[in-house]
Protein chains: 2
Amino acid sequence: MDATFENLMQELKIKNISLSHQRLKILEYLTQNHCHPTVEQIFIDLQKDIPTLSKTTIYNTLRILAEAGLVKVITIEDKETRYDIVTENHGHFKCESCGTIFDFPIDIDSLIPEDLSTFKINDKNVYFKGLCPRCLSNINDIK
Amino acid sequence: MDATFENLMQELKIKNISLSHQRLKILEYLTQNHCHPTVEQIFIDLQKDIPTLSKTTIYNTLRILAEAGLVKVITIEDKETRYDIVTENHGHFKCESCGTIFDFPIDIDSLIPEDLSTFKINDKNVYFKGLCPRCLSNINDIK
DNA sequence: TAATTTAATTGTAACCATTACAATCCGGTA
DNA sequence: TACCGGATTGTAATGGTTACAATTAAATTA
């Protein structure tokens with residue numbers, strides 16, 4: 001349990017969200033797996049610890065955490081909602097070949113267009129798609 | 001039929017994609033409705049012209065046009081895939097209250113992070129969420 | 001501690017956008 | 001006209017997500 005995790009716990013206490021065993025494990029999983037997991041992945045991995053765990057609980061918990069602003073919902077493409085612990089500004093790069101999602105640093109705040117001065121911006125997302133270095137080299141090997 | 005539409009036709013000819021009556025109407029609809037429509041919206045509107053039109057045809061056509069690079073798939077949130085004719089670089093702002101998607105100009109090319117120098121970037125997306133001016137003023141009216 | 005109330009979890013069924021697939025239709029060609 | 005290949009259509013299947021009611025756990029009160 002690193003400092004980040006403690007901070008999350010504290011934030012939940014402030015926002016009056018009770019932390020059950022299941023919710024704790026889900027939150028713990030997200031802090032330890034920054035791989036932008038799907039509900040399916042979370043479900044498979046946590047079932048080992050909590051055999052009775054239900055997917056509905058995972059959906060409920062992620063919704064609560066997202067509403068509390070602790071978790072970010074990533075929907076680069078349909079049929080594959082992924083979740084991420086909210087950290088500092090970064091963009092997401094999805095490899096079209098292997099499907100892996102990479103984080104990359106980007107100063108999103110620097111790109112507030114003046115055209116949106118009359119809008120209230122709550123959330124900013126930068127999604128790139130393409131090929132990751134590993135898949136690029138694989139393609140070259142085949143040639 | 002403006003110049004843009006003619007250009008699209010030409011591009012399709014180059015890419016050897018035949019233009020049936022249905023495909024022509026769908027493409028025409030997209031060039032005339034820059035509201036980022038869903039398949040449902042396209043279906044409802046075009047049914048007036050083509051009573052026998054099927055949703056499968058719309059899905060097929062949009063997939064072909066997207067693969068050809070003429071149409072951009074917008075997935076800001078799950079369960080609501082939207083489509084857009086590809087134009088110059090711009091970001092999308094979705095109002096969390098009324099659901100409208102607004103375009104705003106942004107120089108996406110200027111924000112290529114050096115960390116992605118070993119990646120091949122095929123597609124860049126900038127999605128913002130928040131409240132549009134109209135919904136903001138409505139909230140103020142209620143107060 | 002026991003009883004009571006409230007919230008969280010679970011499993012099943014429903015939902016709904018998208019896709020798969022087979023049958024039909026249409027346009028061009030010999 | 002007959003044929004062929006691609007486009008369209010309608011229906012059924014898919015699968016991630018949500019709704020809902022029952023069960024369980026936790027918190028509160030006496």
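Lettering follows sequence order; numbering is per chain, from 1.
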Below 4.0 Å: OP1/OP2 of dA25(D) and any side-chain N or O of Gln22(A): no
Test item: Thr31(B) side-chain N/O and Glu28(B) main-chain N/O as donor-acceptor pair under 3.5 Å: yes
B/S/- contact track for nucleotides 22-30 of chain C, protein heavy atom under 4.0 Å: ---------
Gap between atoms NE2 and P, on His21(A) and dA26(D) respectively (whole Å): 10 Å
Test side-chain contact (heavy atoms from CB on, under 4.5 Å) applied to Arg82(B) and His92(B), His36(B), Glu77(B), the passing residue: His36(B)
Side-chain donor or acceptor of Gln41(A) paired with backbone N/O of Thr38(A) under 3.5 Å: yes
Under-4.0 Å side-chain N/O to phosphate OP1/OP2 contact, Thr81(A) with dT17(D): yes
Sub-4.5 Å side-chain heavy-atom contact between Met9(B) and Leu24(B): yes
Nucleotide dT9(C), atom C1' - distance to CD1 of Ile64(A) in whole Å: 11 Å
Parallel, tilted or perpendicular: ring planes of Tyr127(B) versus Tyr127(A), cut at 30 and 60 degrees: perpendicular
Separation of dT8(D) C1' from Leu19(B) CG (nearest whole Å): 15 Å
pair Glu11(A)-Asn7(A): side-chain heavy atoms closer than 4.5 Å: no
Atom-to-atom span, CG of Leu62(A) to P of dT9(C) - whole angstrom: 12 Å
d(CD, Glu80(B); P, dT17(D)) in whole Å: 15 Å
Flag for Asp84(B)-His90(B): side-chain donor and acceptor within less than 3.5 Å: yes
Nearest-angstrom distance from the residue atom NZ of Lys25(B) to P of dT9(D): 14 Å
Aromatic ring pairing Phe102(B)/Phe119(A), orientation class (parallel under 30°, perpendicular over 60°, tilted between): perpendicular
Arg23(B) side-chain N/O to dT8(D) phosphate OP1/OP2 under 4.0 Å: yes
Residues within residues 37-59 of chain B bordering DNA chain C, heavy-atom distance below 4.0 Å: Thr56(B), Tyr59(B)
side-chain hydrogen bond (donor to acceptor under 3.5 Å, both in side chains) involving Glu96(B) - partner list, sequence neighbours excluded: Asn122(A)
Separation of dA7(C) C1' from Asn16(A) CG (nearest whole Å): 12 Å
Along DNA chain C (nearest heavy atom to each residue), the more 5'-positioned of Arg82(B) and Asn60(B): Arg82(B)
Separation of atom CZ in Arg63(A) from atom P in dT18(D), rounded to whole Å: 8 Å
